[in-house]
Amino acid sequence: MVLKIFFPQCCNTADSGLLVGHWIPGHNSAVVLAVIHYPFIPGQVKKYLSELQSQTQVDLTVLGSWSMPKEGKEGMDSFLKDLSTIFPQKCWLQLSREIGKRGFICQVVQNNGKLLQDREQKNGDESSEGDKIILIHYDQRKVMLSQLHPVQDVSQKSDIEPSELRLVFQTVAQSQPLFFLDKYDDGPLKLTHWQSEGREASIIAELLKQASVPVCIFLTWLLSLWHWFCSFRILHLHPVLFISSKLSTCVQSGYRAVHFKTVFSPKKAATHMEFMRKANIFVSFLLDIALGLLLISWLYRENRISKLADTLVPVADRVAKELQELLEWLMGAPAGLKMNRALDQVLGRFFLYHIHLWSSYIHLMSPFIERILWYVGLSACLGLTFALSVLSDIVALLTFHIYCFYVYGARLYCLKIYGLSSLWRLFRGKKWNVLRQRVDSCSYDLDQLFIGTLLFTILLFLLPTTALYYLVFTLLRLVVVLFQGVIHLSVDFINSFHLFAIGLRICRPYRLAEGVKFKVLCQEPGTPLHLMMEINPLKCSSVLQCYRTPTYSCYPKDSWAALCKKLFVGELIYPWKQKTDKTD
């Protein structure tokens, strides 16, 4: 049998005393957490450990004794060994260190008085029976702050028992109250652990912790006012809900409200994943605000708002002129194609009238464009994502005529495609059964076949003209959709980017552990095997996959094959349509 003893590095040079730790249930392993030094009263030690057990929910106990040679304390070793009768255990560990050796001498005394000794410590008798003892040294601070992956939810019961290594990490992490007692405290007990020389603390960090509670309460109250405003009945009318669902600014506002409710909740994060989610959202929010302030400083410097407003109207006129020239080209003989002149003229004049309306609308708004841009630029103080969302809505409003052209052309083209497919089934003596959702046989009389042939011929000869207009305006619509898609993906990247997890992986890689590795520390004769446990950090790809923030992002609703099919038959496409559910 192999007995594994996890020993903290900070206790290698500790004075003689009692080993405090925890026996791993179901495994022949012990985790040493601290050393209690003499002088002490056994009753006070038991009382102190019982208080810690109620706080940590860890069965802390005295594992054995630790002897460090020192002048004037030669009898301390025998005194500590006799304490096994006061602290009865199934196994009493006796660790001692000799001058000039790196390894420890380890003996295990059972409750029946039998001495179990490492077979390698016996005098060269390799055939004698004995337990194999392995001393595993670990960095107590890193193990306490580390989170082993994959993360297991402690609140949910699972049939799979945690591994021995995970139990070691959990034991050290849950024993944090044990590390609050340092040598500067005026308590009856003196301990050695990773924080025994003094607590790690920062005055700024402590002040921020104290100020965070009232700030969170105030922000939660502001969020309650926002939700109260959003609960007005007029805002829940169908037209208002429809318009707000199409505006990227409204969607981003609701998304940020959910973020604020999560981050600024006064409740402490219960699990590691909840803490990481809060931290990632908070850091991404700070990054968003910083980028927004940089954008404001750039926009309102050197009168760039006025220059942008002076450029916008000529650009709009240029776009209108290009569209007009494109329609005049389509109304002629585009690429030498023979079009239906009557339908071509009707469609061309119809779209030219829309361009005229749009140009008039732009020139009507031109005196107010600079002031509108000035106030819109202030939205960047809420974050770069708000500015990008407003930009997406402005692009949607400025290209509304292109969207109308696309809808008109797509509806007309779709009507002809479905009409031709229905009339083609009429030629073959078939019809579409709506109830059974299938094609059935059907007999038609002569009049029906004549009318069907006439309509099929008309639709077939008008199809090239309609298809050309549909193709041109679909390409224009796709250009606008592509530009808006880039904006939406940028907003999604800022909202869901887990900067805190990436920074934690780079600056403190031991905080996110994928596993451990062992290396031989020393293997001297007369001492057990000493191993050093080092933490393997989580891979960057695993960090990106594990800590991605759920978003209400815009992703293609259909596959590429479905999109191509919709484009071919003339159905309207919304590849960046907002989803109502979170996507991971």
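Any value given below was found using the heavy atoms of this structure, including those in side chains, with hydrogens, waters and symmetry copies removed.
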Do Leu178 and Thr56 have side-chain heavy atoms sitting under 4.5 Å apart? no

Within the side chain of Gln140, is there an N or O that forms a donor-acceptor pair under 3.5 Å with the backbone of Trp194? yes

Indicate yes or no: at least one non-hydrogen side-chain atom of Met533 is less than 4.5 angstrom from one of Leu531. no

Check step by step if side chain to side chain contact (heavy atoms under 4.5 Å, CB included) holds for Ile5 and Ile134. CA-CA 6 Å; Ile5 303 174; Ile134 300 178; over 6 Å; no

Closest non-hydrogen contact found for Pro25 with Leu167 is O-CD1, 4.4 Å

Do Asn12 and Arg97 come within less than 4.5 Å of each other through their side chains, counting heavy atoms only? yes

Phe285 and Ile289: CA distance, side-chain angles, deciding distance, side chain to side chain contact (heavy atoms under 4.5 Å, CB included) verdict: CA-CA 6 Å; Phe285 171 70; Ile289 295 294; 3.8 Å; yes

Would you be so kind as to tabulate the donor-acceptor pairs closer than 3.5 Å made by side chains of residues 497-514, with sequence neighbours excluded?
residue: His498; atom: ND1; partner: Ser496; partner atom: O; Å: 3.4
residue: His498; atom: ND1; partner: Tyr547; partner atom: O; Å: 3.1
residue: His498; atom: NE2; partner: Leu544; partner atom: O; Å: 3.3
residue: Arg505; atom: NE; partner: Leu538; partner atom: O; Å: 2.4
residue: Tyr510; atom: OH; partner: Arg141; partner atom: NH1; Å: 3.0
residue: Arg511; atom: NE; partner: Leu145; partner atom: O; Å: 3.0

To the nearest 0.5 Å, how far apart are CD1 in Ile136 and CG in Leu521? 11.5 Å

Minimum heavy-atom separation for Leu63 and Ala30, please, with both atom names. CD1-CB, 4.2 Å

Any donor and acceptor pair, going by atom type alone, linking the side chain of His193 with main-chain N or O of Leu33 inside 3.5 Å? no

Sequence neighbours excluded, the answer for salt bridge (Lys or Arg N to Asp or Glu O under 4.0 Å) partners of Arg256 is Asp288

For the residue pair Thr385 and Val491, establish whether any side-chain heavy-atom pair is separated by less than 4.5 Å. yes

What residue pairs, at least two apart or across chains, pass salt bridge (Lys or Arg N to Asp or Glu O under 4.0 Å) with a residue in residues 536-547? none

Looking at every heavy atom in both Phe7 and Leu19, which two are closest together, and how far apart are they? CE1-CD2, 4.1 Å

Hey, does Asn495 have a side-chain heavy atom less than 4.5 Å from the side chain of Tyr255? yes

Any side-chain donor-acceptor pair under 3.5 Å between Ser16 and His37? no

Spacing of Ser253 atom OG and Leu382 atom CG [to the nearest 0.5 Å]: 8.0 Å

Stepwise, does the side chain to side chain contact (heavy atoms under 4.5 Å, CB included) test hold for Phe275 with Met273? CA-CA 5 Å; Phe275 166 75; Met273 295 302 295; over 6 Å; no

Is the closest basic N to carboxylate O distance between Lys142 and Glu534 below 4.0 Å? no

Under 3.5 Å donor-acceptor, Asn280 side chain and Met276 backbone: yes

Rounded to the nearest 0.5 Å, what's the gap from CD on Gln174 to CZ on Phe169? Could you check? 13.5 Å

Ser29 side chain near Leu3 side chain, heavy-atom distance below 4.5 Å: no

When every non-hydrogen atom of His149 is compared with those of His272, the smallest separation belongs to NE2-NE2, 4.3 Å

Applying side chain to side chain contact (heavy atoms under 4.5 Å, CB included), run through Lys132 and Leu529 and close with a yes or a no. CA-CA 9 Å; Lys132 175 70 174 179; Leu529 176 63; 4.3 Å; yes

Is any side-chain heavy atom of Trp23 closer than 4.5 Å to one of Asp59? no

Give the minimum heavy-atom separation between Ser244 and Val251, together with the two atoms involved. O-CG2, 4.0 Å

Judged by atom type as modelled, is there a donor-acceptor pair below 3.5 Å linking the side chain of His137 to the main-chain atoms of Leu135? no

Just how far is it from atom CD of Gln53 to atom OG of Ser175, taken to the nearest 0.5 Å? 10.5 Å

Is it true that Gln94 and Ser65 share a donor-acceptor pair across their side chains at a distance under 3.5 Å? no

Check step by step if ring-ring contact (aromatic ring centres under 6.0 Å, His included) holds for Phe104 and His530. CA-CA 8 Å; Phe104 306 158; His530 289 254; 5.2 Å; yes

Of all heavy-atom pairs between Ala380 and Ile296, which one has the smallest distance, and what is that distance? CB-CG1, 3.5 Å

Axial cation check for Phe40 ring with Lys190, 6.0 Å and 45° limits: no

Roughly how far, to the nearest 0.5 Å, is the NZ atom of Lys246 from the CG atom of Leu241? 12.0 Å

Do other residues, nucleotides or ligands put more than 12 heavy atoms under 6.0 Å from the CG atom of Leu225? yes

Would you say the side chains of His488 and Ser392 form a donor-acceptor pair under 3.5 Å? yes

CG (Leu391) and CD (Gln484) are apart, to the nearest 0.5 Å, by 9.0 Å

Do Gln252 and Phe386 make a side-chain contact, defined as non-hydrogen atoms from C-beta onward lying under 4.5 Å apart? yes

